[in-house]
Protein chains: 2
Amino acid sequence: MRISILLVDDHPLVGDGIKTMLAGENSMEVIGVCKSGAETLEFIRKKSPDVVLQDINLPDENGLVLCGQIKQHDERIKIIGLTSANEAGIVTDFLARGGSGYLLKNVDRKELIEAIRTVYGGKVYLSREASDKVMEQIHGNNSMQPVIILTRREKQILELLAEGMKGPKIAEHLHLSTLTVETHRKNLFRKLNVSNVQLLLRIAHEKRLI
Amino acid sequence: MRISILLVDDHPLVGDGIKTMLAGENSMEVIGVCKSGAETLEFIRKKSPDVVLQDINLPDENGLVLCGQIKQHDERIKIIGLTSANEAGIVTDFLARGGSGYLLKNVDRKELIEAIRTVYGGKVYLSREASDKVMEQIHGNNSMQPVIILTRREKQILELLAEGMKGPKIAEHLHLSTLTVETHRKNLFRKLNVSNVQLLLRIAHEKRLI
DNA sequence: CGACAACTACCGGAATTCAGGTAGTTTTTA
DNA sequence: TAAAAACTACCTGAATTCCGGTAGTTGTCG
């Protein structure tokens, strides 16, 4: 059985390049090329590839979302993300959505084939460069700012806010006055420099405080 | 130069097991064993290991947070997570915090050494089982519920809410009435079965709608 | 074309957030 | 042991959310 592959990329050059790379490899077979998210979803409703090689920058839809949609349709399909050089901080997000691998577009034939084999075998393949991106992301995130330190109570309240609890509920839960909780919340706002709970949680996530 | 390794695990058996496994490997050296997060942070202030083998279940602190703290202290330290069999859905989170590898505790000697070599070389190593966990996580998340479909506007508003914008701001941004935005928001609440924006964003993230 | 979904907009009212403070008590830590 | 930080609690008032509806106007698709 040859490994069936679906290419998703709106840029013809990349599609051709990949196709050429795989042409000599008779254990793999490109069964289709799609240029958009919609086209891809339509395609996989008819044929299920083993592996999808998917560009992250698509014309009609966010590539990360598409990844999730493909996995939702058929959990067995393995997905490898392709990205140009100048993006960062998407790798973990892509994995979280069910992606199995991540490559930069300057990948060589050898690595491409290794990556496909690896994900087909059920493991995760990240290119060295993709690993670096993860590091950059982490590094970039906390080398700029002076490291935010939250107190125990603040962490606690931040977590409860993240659970979806609101002020009064948290107060009840921790046996505190509502007003006290609001004070802590306010201090969190100040420390993370935000003005509402949504942003607080967003930034807290970015800074990996929760 | 031998690869220096710090073990972090409160369970002596695991620590001993790992130590024994690595004893025969003269390219690696265990330079310390810590039993808690606090102890770990203290240790790395004095000595910087190349690789940290870290249990996720620690007595005093969340292992994921500790991972972030270690990377914050010294970005060059590579961290491999260790976990018992019954946990899931932490792998990507661990990577997002700067972890470089993930193993189950029933790992054998060969894989352990390969994992250490891999992360020391700057790449990511996930055990087959860890990869499976990622899949389980994804699969478990969307196989239960009937797949939630959001309209274009709803997605749009969901994303703006995720950016931290509030009702009136969104209305302005989309040239809509505040009341209209509130209607959409209400519909989002209904579809995702939540009662406030925090929860909405939380659930939306879980279901990978944003 | 007719039905159905989506998009738009509105009302009233209770609950909660958010801004900008002050201030006393306990805990940590240098 | 002092000083600093954390924790607690309070105030006022405007802004916003959230709940429960209703309802007219597009689209869209069989």
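Chain identifiers are assigned alphabetically (A, B, ...) following the order of the sequence lines, protein sequences preceding nucleic acid strands; residue numbering begins at 1 within each chain.
- Put simply, CZ on B:R185 is 9 Å from P on D:dC19, counting in whole angstrom units.
- In this structure, A:L199 atom CG and D:dT17 atom P are separated by 12 Å, rounded to whole Å.
- In this structure, B:Q198 contributes its side chain and A:M165 its backbone to a donor-acceptor pair below 3.5 Å.
- Checking C:dT8, C:dC11, C:dC18 against every side-chain atom of B:L179, the shortest atom distance belongs to C:dC11.
- Residue A:V107 comes nearest to A:L112 through the heavy atom pair CG2-N, 3.7 Å, listed as atom of the first residue, atom of the second, then distance.
- Comparing C:dT17, D:dC10, C:dC10 by their nearest atom to the side chain of B:K186 picks out C:dC10.
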Protein within reach of the bases, or only the backbone? For nucleotides 24-30 of chain D, mark each nucleotide 5' to 3' as B, S or -, using heavy atoms under 4.0 Å.
-------
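- Comparing atom distances between the B:S177 side chain and each of D:dT17, D:dC7, C:dA9 picks out C:dA9 as nearest.
- Listed nucleotides: C:dT8, D:dT8, C:dC18. Nearest to the side chain of B:R153: C:dT8.
- Residue B:N196 is in sugar-phosphate contact alone, with no base atom involved, counting any heavy-atom pair closer than 4.0 Å across all strands shown.
- For B:E182 and C:dC10, the CD to P distance is 11 Å, given to the nearest whole Å.
- When the C1' atom of C:dC7 is taken as reference, atom CZ of B:R190 falls 13 Å away, rounded to whole Å.
- Counting only heavy atoms from C-beta on, A:K166 has its side chain closest to C:dT16 among C:dC18, C:dT16, D:dA6.
- Between B:I157 atom CD1 and C:dC7 atom P the separation is 9 Å, expressed in whole Å.
- Listed nucleotides D:dC10, C:dC18, D:dT16 differ in distance to B:P168; the shortest reach to its side chain belongs to D:dT16.
- In this structure, the CG atom of A:L161 is 14 Å from the P atom of C:dT16, given to the nearest Å.
- The residue among A:G167 and B:H175 whose nearest nucleotide of DNA chain C is located toward the 5' end is B:H175.
- You'll find that the side chain of A:T183 is closest to C:dG21, out of C:dG21, C:dT17, D:dA6.
- In this structure, B:K169 atom NZ and C:dC18 atom C1' are separated by 16 Å, rounded to whole Å.
- Other residues, nucleotides and ligands place more than 12 heavy atoms under 6.0 Å from the NZ atom of A:K123.
- The side chain of B:T151 has C:dA6 as its nearest neighbour among C:dA6, D:dT8, C:dG20.
- Under the 4.5 Å side-chain criterion, counting only non-hydrogen atoms from C-beta, B:L22 is not in contact with B:E29.
- Within 6.0 Å of CG in B:N193 there are 12 or fewer heavy atoms belonging to other residues, nucleotides or ligands.
- Of the candidates D:dC18, C:dA19, C:dA9, the closest approach to any side-chain atom of A:S195 belongs to C:dA19.
- Within the 3.5 Å criterion, the main-chain N or O of A:K78 finds no donor-acceptor partner in the side chain of A:D50.
- Regarding B:N187, its CG atom lies at a distance of 10 Å from the C1' atom of C:dC7, rounded to whole Å.
- Ring geometry for B:F94 against B:Y102 counts as perpendicular: the plane angle is over 60°, on a 0 to 90° scale with 30° as the lower cut.
- Contact between the side-chain N/O atoms of A:T180 and the OP1/OP2 oxygens of D:dT8 is not found at any separation under 4.0 Å.
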Between A:E154 and A:R185, is the salt bridge (Lys or Arg N to Asp or Glu O under 4.0 Å) condition met? List the steps.
CA-CA 7 Å; A:E154 284 165 354; A:R185 186 178 53 192; over 6 Å; no
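- You'll find that the side chain of A:H184 is closest to D:dC7, out of D:dT17, D:dC7, C:dC18.
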